[in-house]
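For reference, the structure is listed below as structure tokens.
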Amino acid sequence: MHLTPELLIRAYALGIFPMAERRDADTVHWIDPELRGILPLEGFHLPRKLARRVRRGDYAVTADADFPAVIRGCAEPGPRRPETWINDTIEGLYCELHRMGCAHSIEVWGTEGGERRLVGGLYGVSLGAAFFGESMFSRAVDASKVALVHLVVRLRLGGFRLLDTQFTTSHLRQFGALEVPREHYKALLAGALQQSARFPADVDPAALDAALATLRESSF
């Protein structure tokens, strides 16, 4: 089957997403898990130590500033993940979705030798009031976590109702992620697709700070 951005959008609306076996794989498989990971936007837990880092502004954070660089970062192998599921086909398709306004990125920037460099980020797909988180990466301490915090804030500001994480991990569970059965997920998805939301790439700094202050801190 020839994959196109339009086919991807239809698949997401049905609750299905693609993955490759590894970075150099030629084929892509459709995934429809029995248990689906979601991160309730109003039940997001912000670890106290991370909250301090966010408030200090250890990193600069942008949205939709360099989507291709973010997906390349997510596709790179690392010490904790020698293989990734993002092959060339997926990378190209999601860059096209971004050009269509259906995929978005959060970039986290640090400085080294006086120069700004990309140290983390994440990307995902938006349809209606649903956001489908795809992948994240980190090259500096807590960089991907900072990206997630800023994603949640933007989704809340933009009127999103569902943040799909595909699966749950210990990394995501600390923020309140949980698993729901497939049918329950698809009911949540159907409801979110009937509503509209806007991914706010450009947010007034004061509004962003105010939204960050509303996140509930956890004790760990």
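Values below: all heavy atoms of this structure, side chains included; hydrogens, waters and symmetry mates excluded. Quantities reported herein were computed from a predicted structural model and do not represent experimental measurements.
Checked by atom type and distance alone, the side chain of R139 pairs as donor or acceptor with a backbone atom of L118 at under 3.5 Å. Remark: side-chain polar atoms of E107 are paired, donor with acceptor, to backbone N or O of A65 under 3.5 angstrom. Listed for the D142 side chain is no donor-acceptor partner under 3.5 Å among the backbone atoms of K145. Counting only distance, with no hydrogens or angles, the side chain of R156 and the backbone of A211 share no donor-acceptor pair below 3.5 Å. A donor-acceptor pair is defined here as one N or O able to donate and one able to accept, closer than 3.5 Å; no such pair exists between the side chain of T111 and the backbone of G114.
Shown here are the side chain to side chain contact (heavy atoms under 4.5 Å, CB included) partners of A210, two or more places apart in sequence or in another chain: there are none. Remark: A207 pairs with V203, D204 by the side chain to side chain contact (heavy atoms under 4.5 Å, CB included) rule, at least two apart or across chains. Partners of D58 according to the side chain to side chain contact (heavy atoms under 4.5 Å, CB included) rule, which considers only residues two or more places apart in sequence or in another chain, are R53, R56. Listed by chain and residue number, nothing satisfies the salt bridge (charged side-chain N to carboxylate O under 4.0 Å, His left out) test with E34 (two or more places apart in sequence, or in another chain). In this structure R72 satisfies the salt bridge (charged side-chain N to carboxylate O under 4.0 Å, His left out) test with no other residue, sequence neighbours excluded.
Side-chain contact check for L122 versus C74: every heavy-atom pair is 4.5 Å or farther apart. With a 4.5 Å cut-off on side-chain heavy atoms, F131 and V125 do not count as touching. Between P33 and R182, every side-chain heavy-atom pair lies at or beyond the 4.5 Å cut-off.
In the model, H98 has no side-chain atom that pairs as donor or acceptor with a side-chain atom of S105 under 3.5 Å. T89 and E91 are not linked by any side-chain donor-acceptor pair at a separation below 3.5 angstrom, with hydrogens and angles left out of the test.
The pair D32-K186 counts as a salt bridge, with a side-chain nitrogen and a carboxylate oxygen less than 4.0 angstrom apart. Ionic pairing of R99 and E96 is present here: one or more N-O contacts between side-chain nitrogen and carboxylate oxygen are shorter than 4.0 angstrom.
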Derivation and outcome, side-chain contact (heavy atoms from CB on, under 4.5 Å), residues M19 and E134: CA-CA 10 Å; M19 295 182 73; E134 286 296 312; over 6 Å; no
As a quick check of understanding, evaluate side-chain contact (heavy atoms from CB on, under 4.5 Å) for L151 and L163, giving each step before the final call. CA-CA 10 Å; L151 173 69; L163 173 51; 4.2 Å; yes
Using side-chain contact (heavy atoms from CB on, under 4.5 Å), reason through H171 and M136 one step at a time and then give a plain yes or no. CA-CA 11 Å; H171 174 76; M136 60 177 63; 3.6 Å; yes
Verdict with reasoning, L35 to V180, per side-chain contact (heavy atoms from CB on, under 4.5 Å): CA-CA 5 Å; L35 292 175; V180 297; over 6 Å; no
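Aromatic ring centres of F199 and H104 lie closer together than 6.0 Å. Checked against the 6.0 Å centroid criterion, the rings of F17 and F132 do not qualify as a close aromatic pair.
The number of heavy atoms from other shown groups lying within 6.0 Å of CD (Q195) is above 12.
Applying the salt bridge (Lys or Arg N to Asp or Glu O under 4.0 Å) rule to pairs touching residues 158-168 yields R36-D164, sequence neighbours excluded.
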